[in-house]
Asker: 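Sharing a structure below in structure tokens format, with a few things to ask.
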Amino acid sequence: MSDIIRHDPDQKLSDAVEYNGLLYLAGQVAEDTAAGMKAQTESVLRQIDALLRKCGSSKSRILTATVYVADMKQKPQMDEAWLAWVDAANPPARATVEAKLGTPDTLVEIMCTAVK
């Protein structure tokens, strides 16, 4: 039986949880919520890259991604950042959902599941 490995846990959550070769990343939000949608998305994607690298994986091994946006009208800006970042040879399954996020200034949050 595989052990569950929790990466950077605190009282509320772990940044990533590893089990049986799969990585479950917590929702990532931008460090600078004063930035616009494209810049926030780029920040989130950099964080995802760093977290995947720390866990021994990469964006080419992402299976699914769920993108939460505060306003679907701003989705094209998110998509622009996403398309510049995603591994075009290995795109994950993805859903984009409009949602009220953790703070009024948070425009995007992304959760991923990847293979180690």
Side-chain angles (χ1 to χ4, degrees):
M1 178 183 273
S2 298
D3 287 333
I4 297 172
I5 301 168
R6 299 179 193 284
H7 297 272
D8 300 324
D10 64 21
Q11 291 180 325
K12 185 171 49 172
L13 58 86
S14 297
D15 281 341
V17 175
E18 182 178 339
Y19 180 72
N20 213 21
L22 292 176
L23 298 167
Y24 302 90
L25 276 59
Q28 303 296 305
V29 297
E31 295 164 336
D32 178 9
T33 56
M37 174 63 87
K38 183 178 179 192
Q40 283 197 31
T41 304
E42 290 167 343
S43 172
V44 169
L45 296 172
R46 281 191 300 273
Q47 291 175 63
I48 289 170
D49 276 334
L51 191 51
L52 287 169
R53 198 168 31 256
K54 181 177 187 173
C55 295
S57 190
S58 70
K59 65 185 171 186
S60 68
R61 301 189 51 83
I62 296 173
L63 300 174
T64 66
T66 304
V67 181
Y68 301 96
V69 295
D71 181 357
M72 199 58 85
K73 291 181 189 125
Q74 294 186 36
K75 181 180 177 287
Q77 296 168 46
M78 179 279 296
D79 280 332
E80 185 179 347
W82 176 273
L83 288 170
W85 172 83
V86 74
D87 182 336
N90 298 291
R94 190 189 96 175
T96 304
V97 179
E98 184 176 87
K100 187 173 182 179
L101 300 174
T103 70
D105 295 335
T106 302
L107 302 178
V108 61
E109 181 171 346
I110 302 175
M111 287 183 73
C112 298
T113 302
V115 175
K116 182 147 179 166

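Note that these values count all heavy atoms, side chains included, but never hydrogens, waters or copies made by symmetry. Quick caveat: nothing in here was measured; it's all calculated off a predicted structure.
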Asker: Treat each ILVMFWY residue as a node, draw an edge where side-chain heavy atoms are under 4.5 Å apart, and state whether Met37 and Leu83 are in one component.
Answerer: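 In one cluster: yes.
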Asker: Please report the shortest heavy-atom distance between Ala114 and Ile62, naming the atom on each side.
Answerer: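 In this case the closest contact between Ala114 and Ile62 is CB-CA, 3.8 Å.
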Asker: Run the side-chain contact (heavy atoms from CB on, under 4.5 Å) test on Tyr19 and Ile5 for me, step by step, so that the C-alpha distance in whole Å, both residues' side-chain angles and the decisive distance to 0.1 Å come before the verdict.
Answerer: CA-CA 7 Å; Tyr19 180 72; Ile5 301 168; over 6 Å; no
Asker: If a pair satisfies side chain to side chain donor-acceptor pair (under 3.5 Å) and one of its residues is in residues 57-67, list it, with sequence neighbours excluded.
Answerer: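 Side chain to side chain donor-acceptor pair (under 3.5 Å) check on residues 57-67 returns Ser58-Ser60.
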Asker: Evaluate the side-chain contact (heavy atoms from CB on, under 4.5 Å) criterion for residues Arg94 and Trp82: first the C-alpha distance (whole Å), next the side-chain angles of each, then the deciding distance (0.1 Å), finally the verdict.
Answerer: CA-CA 11 Å; Arg94 190 189 96 175; Trp82 176 273; 3.2 Å; yes
Asker: Using the test side-chain contact (heavy atoms from CB on, under 4.5 Å), find all partners of Ala84 that sit at least two apart in sequence or belong to another chain.
Answerer: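 By the side-chain contact (heavy atoms from CB on, under 4.5 Å) rule, Ala84 matches no residue at all.
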Asker: Side chains of residues 103-110: which donor-acceptor pairs under 3.5 Å do they make with residues two or more places apart or in other chains?
Answerer:
| from | atom 1 | to | atom 2 | distance (Å) |
| --- | --- | --- | --- | --- |
| Thr103 | OG1 | Thr106 | N | 3.3 |
| Thr103 | OG1 | Thr106 | OG1 | 2.6 |

Asker: Charged N to carboxylate O under 4.0 angstrom, Lys38 versus Asp79?
Answerer: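 Answer for the salt bridge query: no.
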Asker: Identify which one of Val44, Asp49, Thr41 satisfies the side chain to side chain contact (heavy atoms under 4.5 Å, CB included) criterion when paired with Trp85.
Answerer: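 So, applying the side chain to side chain contact (heavy atoms under 4.5 Å, CB included) to Trp85 and each of Val44, Asp49, Thr41, only Asp49 qualifies.
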Asker: Where is the tightest heavy-atom contact between Val97 and Met72, given as atom of each residue plus distance?
Answerer: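 Between these two residues, the closest heavy atoms are C-CE, 4.0 Å.
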Asker: Under the salt bridge (charged side-chain N to carboxylate O under 4.0 Å, His left out) rule, collect the residues that match up with Asp87, sequence neighbours excluded.
Answerer: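 Result, salt bridge (charged side-chain N to carboxylate O under 4.0 Å, His left out) vs Asp87: none returned.
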Asker: Taking salt bridge (charged side-chain N to carboxylate O under 4.0 Å, His left out) as the definition, give me every residue that meets it alongside Arg46, ordered by chain and number, with sequence neighbours left out.
Answerer: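 Salt bridge (charged side-chain N to carboxylate O under 4.0 Å, His left out) list for Arg46, sorted by chain: empty.
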Asker: side-chain contact (heavy atoms from CB on, under 4.5 Å) for Val69 and Gln74? Distances and angles first, verdict last.
Answerer: CA-CA 8 Å; Val69 295; Gln74 294 186 36; over 6 Å; no
Asker: With side chains defined as the heavy atoms from C-beta onward, is the minimum distance between Ile4 and Glu18 less than 4.5 Å?
Answerer: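 Answer no - side chains too far apart.
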Asker: So Arg6 and Asp15, salt bridge (Lys or Arg N to Asp or Glu O under 4.0 Å) or not? Walk me through it.
Answerer: CA-CA 8 Å; Arg6 299 179 193 284; Asp15 281 341; over 6 Å; no
Asker: Of the non-hydrogen atoms in Pro91 and Ala88, which two are nearest, and what is the gap between them?
Answerer: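 Smallest interatomic distance, heavy atoms only, reads CD-O, 3.3 Å.
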Asker: State the NZ-CG distance between Lys100 and Asp71, to the nearest 0.5 angstrom.
Answerer: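 Between Lys100 NZ and Asp71 CG, I get 14.0 Å after rounding to 0.5 Å.
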Asker: Quick check for you: to the nearest 0.5 Å, what is the distance between Gln77 atom CD and Glu42 atom CD?
Answerer: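 With rounding to 0.5 Å, CD (Gln77) is 10.5 Å from CD (Glu42).
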Asker: Taking distance alone, no hydrogens or angles, what donor-acceptor pairs closer than 3.5 Å link side-chain atoms of residues 22-34 to residues at least two apart or in another chain?
Answerer:
| from | atom 1 | to | atom 2 | distance (Å) |
| --- | --- | --- | --- | --- |
| Gln28 | NE2 | Ala26 | O | 3.0 |
| Asp32 | OD1 | Ala34 | N | 3.0 |

Asker: Would a single hydrophobic cluster contain both Ile48 and Val86, if residues Ile, Leu, Val, Met, Phe, Trp and Tyr are joined by side-chain heavy-atom contacts under 4.5 Å?
Answerer: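 Yes, it is one cluster - the side chains of Val86 and Ile48 are joined through contacts under 4.5 Å.
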